[in-house]
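Each remark here refers to the structure printed beneath this line.
Hydrogens, waters and symmetry mates are skipped; everything else that's a heavy atom, side chains included, is used. All of these numbers come straight from a predicted model, not from anything done at the bench. So you know, we letter chains A, B, ... as the sequences are listed, proteins then strands, and number each from 1.
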Number of protein chains: 2
Amino acid sequence: MTLELVDAAAEPGLSRYAAIAAGLRERIAAGEWPPGTALPSEQVLAAQQGVAMATLRRALELLAAQGLLERVHGRGTFVRASLAGAPMLRFFRFGDGSGEVPASRIVSRRKVAAPAQIAQRLGLAKGEPVLHLLRVRSLGGKPRLLEDLWLPLPMFQPLAELPIAQWEDLFYPMYAQRCGVHVQRATDEIGFGTLGAAQAAHLALPAGHPCARVARRAHDLAGRCVEVRTTLGDAHAFHYTVQIT
Amino acid sequence: MTLELVDAAAEPGLSRYAAIAAGLRERIAAGEWPPGTALPSEQVLAAQQGVAMATLRRALELLAAQGLLERVHGRGTFVRASLAGAPMLRFFRFGDGSGEVPASRIVSRRKVAAPAQIAQRLGLAKGEPVLHLLRVRSLGGKPRLLEDLWLPLPMFQPLAELPIAQWEDLFYPMYAQRCGVHVQRATDEIGFGTLGAAQAAHLALPAGHPCARVARRAHDLAGRCVEVRTTLGDAHAFHYTVQIT
DNA sequence: AAGTGGTCTAGACCACTCT
DNA sequence: GAGTGGTCTAGACCACTTG
């Protein structure tokens, strides 16, 4: 019998659990279970997929290890909500290490046609409409980080219209709430350089001052690049720890 | 028989598989299975520990995920050999990206009493004997990296006596071969600074030139810190990519 | 008390490697 | 072909969370 489930698991060469994981990943990306909500229980899913519970578990554990799901003993299995708000401070250590969230001040917001390099990083065609933002982030009243952001435009239209005064300090929760965009993972590329005159002015540093540069590409649940961001900060405040194994 | 195996698995509050993993980790650290050798088969280990094979498997998978073991389908489960030779280039990109190993030139080698800060990082008492090395690493004939190393001395005595001409370009395989020290993991702390006059001279750069600084602590199988190393390189050649999830 | 995920068992069969 | 790890099953029992 039994209902020929459209076997999302029919991928060739994949183990049963890997195929099931891939299928679940697609259904999550398609919005069947929005971020923060619970999946059906292991029992239900196992019956649905026609496998033993242990096999279904392996699929869930795989997705949990990849950061897509979060399993909570006694409660259920949940689709992970957006990334934590301000992990940018993981790269910088300014005077006060108090977990304070940097205050955000939008310096400029413009709708523009994507330059070639930005379009390529966003996975768009050159010239597609994007939202370009410049903002300064401060700690203890002192400007510390200068950020340059590019957001694809049909998707982020609500932010093109939202009054500047109503913007939040943390962007990712705002993306989720106002645009339904959930940042699920990001890639940060670290480099060192020096500040141009205009950049230096925003940070109250002399032109030519050494700076650390973090070039981020953020991706949503479906794997699309939804944000390109370049952050500059005083190189002397930069620090980062890497575990090698 | 049957020595009352000192049930390393008797830890309270640990699941059976976690306790078994901890016990195996200790036996590996104690040298029962040297790096590169195979552990007994799952069947044998399961019988030894008196658990089902699936439980034993979980223990092995845990240790494999932690990078201590390497499992090879059809061959066996192996204790991972030392870290790859020169992962320092993961942080720098000089002209040629050809996977070339940087040539090493020892600039100085001295037996000294450990300064307080070094002793602390090595987990020694201040004043304990250590080997202090300074070396320059070059690519394509050009000096690129300046390294400052501290090695605890009873342990690395063979390197205190080895003629400089016989040193290898890669240190970790040499530690393993000559001193029986196997580097299993390391922590790299990335920062930024400027070159002092002496440092700049070694790298053929002007004094005050911006540099990236990688401060490494390397640990052996038993978790002891066996090397403290600070590497300096041109800040403009620095790059590193971080995955955030 | 009911429902969830976490641990564990005692098997079966398959895929890979070596000789 | 013998031995290894990889996948999968169909259960049991435990620990945690919530009504």
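Scanning all heavy atoms of the two residues, the minimum distance from A:Leu89 to A:Pro102 falls at CD1-CG, 3.9 Å.
For CZ of A:Arg224, the number of neighbouring non-hydrogen atoms (other residues, nucleotides, ligands) closer than 6.0 Å is 12 at most.
Remark: aromatic rings of A:Phe94 and A:Phe92 are close, center separation under 6.0 Å.
Dashed line: the shortest gap from a side-chain N or O of A:Thr55 to OP1 or OP2 of D:dT7 is not under 4.0 Å. Phosphate contact (OP1/OP2 of D:dT7, side-chain N/O of A:Arg58, threshold under 4.0 Å): present. Of the side-chain N and O atoms in A:Thr77, one or more sit less than 4.0 angstrom from OP1 or OP2 of C:dG5. Distances shorter than 4.0 Å separate none of the side-chain N or O atoms of B:Ser41 from OP1 or OP2 on D:dG3. OP1 or OP2 of D:dG6 has at least one side-chain nitrogen or oxygen of B:Arg71 nearer than 4.0 Å. Using a 4.0 Å cut-off, no side-chain N or O of A:Tyr17 falls inside it from OP1 or OP2 of D:dC8.
In the set D:dT7, C:dG6, D:dT9, the nucleotide with an atom closest to the side chain of A:Glu42 is C:dG6.
Each of A:Gln43 and B:Leu56 was assigned the nucleotide of DNA chain C with the nearest heavy atom; the assignment lying further toward the 5' end belongs to A:Gln43.
Between the side chains of B:Thr241 and A:Glu189, no donor-acceptor pair is found at a separation under 3.5 Å. In this model, a donor atom of one side chain and an acceptor atom of the other lie less than 3.5 Å apart for A:Tyr172 and A:Glu227.
Computed from coordinates, the B:Leu14 CG to C:dG6 P distance equals 17 Å when rounded to whole Å. Taking atom CD1 of B:Ile20 as the reference point, atom C1' of C:dT9 lies 13 Å away to the nearest angstrom. The separation between B:Phe78 atom CZ and C:dC18 atom C1' is 11 Å, rounded to whole Å. Distance B:Leu45 CG to D:dG3 P: 17 Å, rounded to the nearest Å. When rounded to the nearest whole Å, the span between CZ of B:Arg57 and P of C:dA10 equals 17 Å. The interatomic distance linking B:Leu69 (CG) with D:dG5 (P) rounds to 11 Å, in whole Å. Between B:Glu61 atom CD and C:dT7 atom P the separation is 12 Å, expressed in whole Å. Between the CE atom of A:Met53 and the P atom of D:dT9 there is a distance of 12 Å, given to the nearest Å.
Here the CG-CG distance, from B:Leu45 to B:Leu24, works out to 6.0 Å after rounding to the nearest 0.5 Å.
Under the 30°/60° scheme for interplanar angles, the aromatic rings of B:Phe156 and B:Tyr175 are found to stand perpendicular.
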Seminar exercise, completed: Quick tally for nucleotides 12-19 of chain D: nucleotides whose base has a protein heavy atom under 4.0 Å get B, sugar-phosphate-only ones S, the rest -, giving ---BBSS-
